[in-house]
Number of protein chains: 2
Amino acid sequence: MVTNHQVLFDKVTPTGLPKPGETTKPGSTELDIDNVPLNGGILTRNIAVSLDPTMRNRMKGDIGYFSPPYVVGQPVTAIGIAEVVRSEVNGFSAGDIIYAWSVGIEEYTIHPASVAPTFRKFDPTLLKNGLTITTYLGAAGMAGMTAYMSIKEIIGDLKPGNKMFVSGAAGAVGQLVVQICHQAGVKVIASAGTDEKCAFVRSLGADETINYKTEDLPAKLKSFAADTGIHYYFDNVGGDQLEAYINNAARYGIIVACGYISGYNADKPEDVVYPKNLFNIVTKELKYQGFIVSSFIPKWIGKFMEEVPQMLADGKLKNKEDVTFGVYGAEDAFLRLFTGDNQGKVAVLIDTERAEKWNLKKQIEGAKVWK
Amino acid sequence: MVTNHQVLFDKVTPTGLPKPGETTKPGSTELDIDNVPLNGGILTRNIAVSLDPTMRNRMKGDIGYFSPPYVVGQPVTAIGIAEVVRSEVNGFSAGDIIYAWSVGIEEYTIHPASVAPTFRKFDPTLLKNGLTITTYLGAAGMAGMTAYMSIKEIIGDLKPGNKMFVSGAAGAVGQLVVQICHQAGVKVIASAGTDEKCAFVRSLGADETINYKTEDLPAKLKSFAADTGIHYYFDNVGGDQLEAYINNAARYGIIVACGYISGYNADKPEDVVYPKNLFNIVTKELKYQGFIVSSFIPKWIGKFMEEVPQMLADGKLKNKEDVTFGVYGAEDAFLRLFTGDNQGKVAVLIDTERAEKWNLKKQIEGAKVWK
């Protein structure tokens, strides 16, 4: 028997920030990993999970979100990497490392057979390039795929000399968008919530930054737009920043709509800010298009895996990670996504015992290990 | 000397309905058409103009609209067809019939040389197919091009069996969109402001209609969406109807953003309704794209002129026109666009003396002739 430590969903929280200890709470069960019935499914030992703002929407009950709401009393789930312990599904066997959309924030998860077709095998030799397992959940994982594939799919070829505004630019996706655009010769203005984050984003190649909490964002966008307008907007936040972009968009401007973080934790639905200038979508002939990476992985994964992990390993793409060690640390780590206290891509290493195997030995030294 | 009757712009009117006699007023000047100096430009005798909702935005002063505001004391201008009387521009000579973006609502206009490159010659033999000159300003002109080209450009191939919502469906553009979609095997639900207009739109092939003034539009859209959602939305109006579509959109739904009529005459900017559910642009991966026909005429005009006039002549495409006879009728006709009292595409035949030449002999009989 082992103790399976878990972060459980505990209370539907439609508004405000998620509350550790209330929205979610720590828990545990005893598990006989050798004999627990799998009912045709797969038992995994979980290695690491990615924490993403979009998970907040699954804590609101049934709001018609495209991912189902979390179930009270059950573990919160996330995109993660896990090792197969036992499998009753053909094609998977003990020792396989898999990517899955729905890894419990817990040490072990029993996956029903029905989800196995969505698993993707992770090639552990990829770690030989020096990248960590959490990088494969971030810059070389979903966040990287989101940045890379959404630009390919919605913008196509970036035109050197064009201008781009990136919001949430210090976040997991934003920091990669800044670099991809900068390296393509695009002029980048980027927003973030602290001066420190702005400095980080400038170090990645942003030409200008805006601390949206202390600076006049519309004025800075207007000045950056100058005579040409701004050709692209990578939108992680929606709300006021989206409105400001639309006012400063170039004709035929393109908005990659990747998130709407400004609205995720509103106290009341009426508090969510929506742009009041959509008429410009018509008059400037803008394209405003939503993107969810799962729709385009089959199309772009080959090209992505050829290019991006190597660029990260070579330092041609940089990424900053905010890794928490241990299951119970996930509650605080998730909250940091919304308070802005995170430093880059937020992930949790669940398998802290094998940190070295996952190339996180250096990072775990001296760090707090939860549980 | 001839008297040049004109509709003059008289007062910047930022909000509310345009007011005949106040926003615009009738006027006239004496013109020596044989000797008036052209300063290198072109004198035209104007045949007909198209009245379009978008002109309302040019009556608001300088609001940053893509077309310049009308000038107080000068004639209101519109898209029109005119005959060259005298030309000092190479390539144009007396008797040429031209399409122009900026024909004065007056009997004669002097065009500066700088606008001549935007003129397109009209082949008068096109009238031999029985179509009227005003049809070449509507279904076979800008309105038709807008319907045809925006679908080609933003949606691409319509998929039979998919569902489409068209707002403003009895209008110049909407009535053609309904027919194009219906003939492509798309299931169409369409909104209009009177039961009579709804019946007309059903006669064009709409499967269902909604009188948005008397019926519960969101409920009818929801029922039409059923399990699949609605795949396309052709948006002429914005506001509440746009919000209702977004709530009932299929994943990967496409919004052709062609106008925002619901906002054009608001008494206060705060009265304009904007959707409060843009988060769904992300989660449903919608594409919401603005369209202005002038951007795509060069790309699609050949295919359009090959197909559409003949379809109209053969009755394979139907169109309803609301033709006013005489310059001074333009004021009332323009107002009808917003009160909903128009019956189809609104145009003004300026050259009432030659109605027969423009295939409008039957229509002018018994009709009111202004001026």
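Naming: A, B, ... by sequence-line order, numbering from 1 per chain.
- When heavy atoms are compared at a cutoff of 4.5 Å, Ser67(B) does not approach chain A at all.
- Only the backbone of Asn277(A) comes within less than 4.5 Å of a heavy atom in chain B; its side chain stays farther off.
- No part of Ser150(A) comes within reach of chain B, as not one of its non-hydrogen atoms sits under 4.5 angstrom from that chain.
- Side-chain contact of Lys19(A) with Thr13(A): a donor-acceptor pair under 3.5 Å is absent, judged by distance alone.
- Residues Ala250(B) and Leu286(B) share a closest heavy-atom pair of O-CD2, 3.4 Å.
- Looking at Pro275(B), the atoms closer than 4.5 Å to chain A (heavy atoms on both sides) sit in the backbone and in the side chain alike.
- The shortest non-hydrogen separation linking Asp52(A) to Phe334(A) is O-CE1, 3.5 Å.
- In this structure, chain B has a heavy atom under 4.5 Å from the side chain of Leu242(A), while its backbone stays farther away.
- Neither the backbone nor the side chain of Thr54(A) comes within contact range of chain B; no heavy atoms are under 4.5 Å apart.
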Q: For Tyr274(A) and Tyr260(A), run ring pair (Phe, Tyr, Trp, His ring centres under 6.0 Å): C-alpha distance rounded to whole Å, both residues' side-chain angles, the deciding distance at 0.1 Å, then the answer.
A: CA-CA 10 Å; Tyr274(A) 294 102; Tyr260(A) 211 101; 5.6 Å; yes
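- Judged purely by distance below 3.5 Å, without hydrogens or angles, the side chains of Ser50(B) and Lys345(B) pair a donor atom with an acceptor atom.
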